[in-house]
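These notes are about the structure you will find just below.
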Amino acid sequence: MIKKLTPELKKEIAEKAAQSRGDIIAMTHLAGSGHPGGSLSSIDIYTLLYHIIDMEKDKVIASHGHTSPAVYSALARSGMFDPLDVIKGFRRIGSIFEGHVEPSVPGVPWGTGNLGQGLSAACGYAVANRVKGESMDCFVVMGDGEQQKGQISEARRFIKKYALNNITVIIDNNRLQISGDREKVMPQDLKKEYESAGIKVLEINGHDLDETYKALSLAVTDTNNAYAIIANTVMGKGIGLMENKAGFHGKALNNDEMTQALKDVSIEWPLEELRAMRSKDLDEKAIPQTAWTFPAMNLSKAHLYTKDTLTDNRSAFGTALLETAQANKDAGFAVFDCDLAGSVKTAGFSKAFPENFFQAGIAEHNTVAMAGVASTQGIISVFADFGMFGIDETYNQQRLNAINHASLKLFCTHIGIDVGEDGKTHQCIDYVGLMQNLEGFRVVIPIDPNETDLATRWALAEKGNILVGMGRSKLAIITDENNVEFFKDKEFSYGKAHHLKKGSRGTIFALGGMSSQALGAWALMKEKGIDIEVVGVSCPLALKKEEIAEAAAKGPVFVVEDHLEQSGLASQIAYTASTNAIGIKLVPMGIHGFPASGPSKDCLKIFGLDPEGIASRIEEILGETA
């Protein structure tokens with residue numbers, strides 16, 4: 001419920017919006033960059049929202065994150081922090097007031113900038129609050145130009161399907177974007193698009209506080225519908241020389257323009273004083289952030305697959321997910337799917353916990369963003385998909401999850417060339433190279449179903465973004481030298497390498513499920529008296545330098561992976577060795593180019609990654625070094 005707009009509050013909001021207009025042109029002028037045009041057209045909306053909502057539980061998402069000057073000033077003028085701190089720090093290294101909105105700023109729940117993702121973020125908040133049984137209102141302030149993004153259509157359908165009626169969209173419809181008139185850049189009927197998705201539409205003057213308040217009030221009180229408010233606004237509103245000028249979308253005023261603009265707006269402090277202030281070192285005081293907690297988990301007992309079992313890692317994941325959820329019914333789970341529940345093995349969870357299973361259809365961009373946001377709300381948020389769709393196709397969304405320090409549990413199946421027959425478009429052979437770019441993401445590629453079980457339970461209980469990647473095919477259970485299941489009575493430890501076979505003439509580092517192929521090669525070479533160490537690597541981004549140094553001292557280091565050689569485990573080992581002065585003879589044995597379509601065994605054979613091919617290559621190298 002929003003506060004009543006009394007005459008006194010309305011007067012206060014109007015005065016603060018006027019002050020913010022001065023803040024906006026001042027901070028962008030002094031920074032020499034920024035986006036003043038849209039900030040001026042949306043400032044009345046932001047100022048009203050921050051004064052009438054419950055800032056403790058409700059959310060305001062700035063989907064067009066470039067309107068940060070308006071967001072920061074409106075929050076400051078509402079009492080969240082000092083407006084002078086914003087003007088002094090805006091777009092300066094070391095300041096929390098970055099060029100696009102970041103969650104380091106109190107009042108900003110989710111950092112944006114990549115257009116079209118704000119509505120998906122709202123879905124994430126709404127889903128998480130439904131899982132927790134809590135109430136809140138979520139307001140998404142969006143640009144009109146960003147409506148051209150397809151991800152918004154995905155989010156609209158999800159809102160309608162799951163009746164997320166606590167979401168209200170406010171479109172800053174100033175009709176201009178970087179290239180000019182929005183209708184000429186890409187014609188759209190915004191009203192019809194939202195209405196066709198089953199969302200109620202209201203059209204208002206976005207600079208009229210009474211009209212805006214009335215529309216917001218209807219949206220939050222009508223719990224049977226979600227609303228989109230098309231707020232007709234003016235680019236550069238309040239500054240005569242800027243009004244209806246697309247050029248000021250992302251251009252700060254120069255000195256002459258600033259002199260002219262000062263006739264239209266009152267800046268609270270002399271410009272010279274502000275300029276001198278920005279020349280000084282930053283002294284921002286630490287602003288307390290609203291911390292989110294990760295639910296405490298009861299790690300259910302591991303499901304041991306015996307050595308005579310033949311199953312796939314994805315089935316082991318599905319079982320571990322279900323058993324962990326059953327053991328933690330109060331923790332709050334949200335499992336998201338994109339029409340692949342049977343293939344990624346979340347169908348069991350969906351049957352046991354239908355209220356916690358969210359089928360988003362073939363809409364990966366919305367789902368990844370939504371699941372990432374939900375993961376920051378004190379629930380266990382799981383997204384399972386094929387590697388090509390959960391990583392490659394949605395890299396931008398995963399990058400935003402990393403930037404926002406989410407806690408997404410990403411389980412991707414069909415990685416590598418194990419999906420051979422589906423061909424080039426589905427063979428995910430670059431996932432390590434992509435994930436290494438996302439700071440804070442931990443990556444686990446289990447070597448067999450037993451480690452998959454352990455890694456799944458560990459990931460579900462750990463705070464932070466985690467990818468667990470799996471192939472499609474069934475794998476043999478790895479055993480130790482006593483023919484006992486290798487992972488029996490063990491716990492998962494991130495970064496730990498697994499010494500599967502001992503040897504003295506060289507070392508094979510095998511990535512994940514490729515350990516089975518490496519062990520097959522080991523057996524062939526053993527018959528010939530060739531003594532090679534086999535190390536299974538399930539944490540390619542965390543292989544310890546000591547492991548590499550020990551292997552390098554023993555002899556050639558062979559890296560077996562169904563991944564591109566130049567960006568996978570081999571490249572990680574090379575980087576670690578070179579930056580730690582470790583002399584190494586490294587022999588990459590992976591993928592180069594796009595694989596052909598055919599059975600996975602045949603695909604492996606083409607690249608010499610079957611046991612015979614691996615053994616032959618190792619024997620060749622050892623012969624050269626003898």
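Sequence positions, counted from 1, serve as the residue numbers for this chain. Small disclaimer: the values here were computed from a predicted structure and weren't measured.
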Inset, instruction - Give the intermediate values and the outcome of side chain to side chain contact (heavy atoms under 4.5 Å, CB included) for residues Lys409 and Phe383. - result: CA-CA 6 Å; Lys409 308 310 165 199; Phe383 177 49; over 6 Å; no
Legend entry - Full working for side chain to side chain contact (heavy atoms under 4.5 Å, CB included) between Leu454 and Glu491: CA-CA 7 Å; Leu454 295 172; Glu491 294 182 355; 5.9 Å; no
Under 3.5 Å, side-chain donor or acceptor atoms of residues 414-428 against the rest of the protein: list the pairs with distances, not counting sequence neighbours.
{"residue": "Asp418", "atom": "OD1", "partner": "Ser473", "partner atom": "OG", "Å": "2.5"}
{"residue": "Asp418", "atom": "OD2", "partner": "Arg472", "partner atom": "N", "Å": "2.5"}
{"residue": "Asp418", "atom": "OD2", "partner": "Ser473", "partner atom": "N", "Å": "2.5"}
{"residue": "Asp418", "atom": "OD2", "partner": "Ser473", "partner atom": "OG", "Å": "3.3"}
{"residue": "Glu421", "atom": "OE1", "partner": "Arg472", "partner atom": "NH2", "Å": "2.9"}
{"residue": "Lys424", "atom": "NZ", "partner": "Pro595", "partner atom": "O", "Å": "3.3"}
{"residue": "Gln427", "atom": "NE2", "partner": "Gly420", "partner atom": "O", "Å": "3.0"}
{"residue": "Gln427", "atom": "NE2", "partner": "Ala596", "partner atom": "O", "Å": "3.1"}

Could you list the donor-acceptor pairs under 3.5 angstrom formed by side chains in residues 349-357, with sequence neighbours left out?
{"residue": "Ser350", "atom": "OG", "partner": "Ala347", "partner atom": "O", "Å": "2.6"}
{"residue": "Asn356", "atom": "ND2", "partner": "Phe333", "partner atom": "O", "Å": "2.7"}

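The list of side-chain hydrogen bond (donor to acceptor under 3.5 Å, both in side chains) pairs with a residue in residues 331-346, not counting sequence neighbours, reads Asp337-Gln359.
For Glu134 and Lys132, the salt-bridge test passes: some basic side-chain N is under 4.0 Å from an acidic carboxylate O.
Of all the heavy atoms in Leu410 and Gly390, the pair that sits closest is CD2-O, 3.9 Å. Residues Asn165 and Ala226 share a closest heavy-atom pair of OD1-N, 3.2 Å.
Residues Asn114 and Asn396 bring a donor and an acceptor atom of their side chains to less than 3.5 Å of each other. For Glu193 and Gln147, the side-chain atoms include no donor-acceptor pair closer than 3.5 Å. There is no side-chain donor-acceptor pair under 3.5 Å between Glu146 and Gln117.
In this pair, Phe389 and Phe386 present their aromatic rings parallel. The plane angle is below 30°, not in the 30 to 60° band.
Applying the side chain to side chain contact (heavy atoms under 4.5 Å, CB included) criterion to Val71, with sequence neighbours excluded, gives Tyr46, Tyr50, Ala62, Thr67, Leu75, Val101, Val108. Legend: residues meeting salt bridge (charged side-chain N to carboxylate O under 4.0 Å, His left out) with Glu565, ordered by chain and number and at least two apart, are absent. By the side chain to side chain contact (heavy atoms under 4.5 Å, CB included) test, Asp610 is found to be paired with Gln517, Lys605, Glu612, residues two or more places apart in sequence or in another chain being considered.
A cation-pi contact, defined as under 6.0 Å to the ring centre and within 45° of the axis, links Lys490 to Phe486. Cation-pi geometry between Arg156 and Tyr194 is met: under 6.0 angstrom from the ring centre, within 45 degrees of the axis.
Going from atom SG of Cys539 over to atom CD of Gln572 covers 12.0 Å, rounded to the nearest 0.5 Å. Taking CD1 of Ile171 as the reference point, atom CE of Met142 lies at 7.0 Å (rounded to 0.5 Å). Put simply, CD on Glu393 and OH on Tyr395 are 15.5 Å apart, with the number rounded to the nearest 0.5 Å.
For Lys57, the NZ atom sits in a packed shell: over 12 heavy atoms of surrounding residues, nucleotides or ligands are nearer than 6.0 Å.
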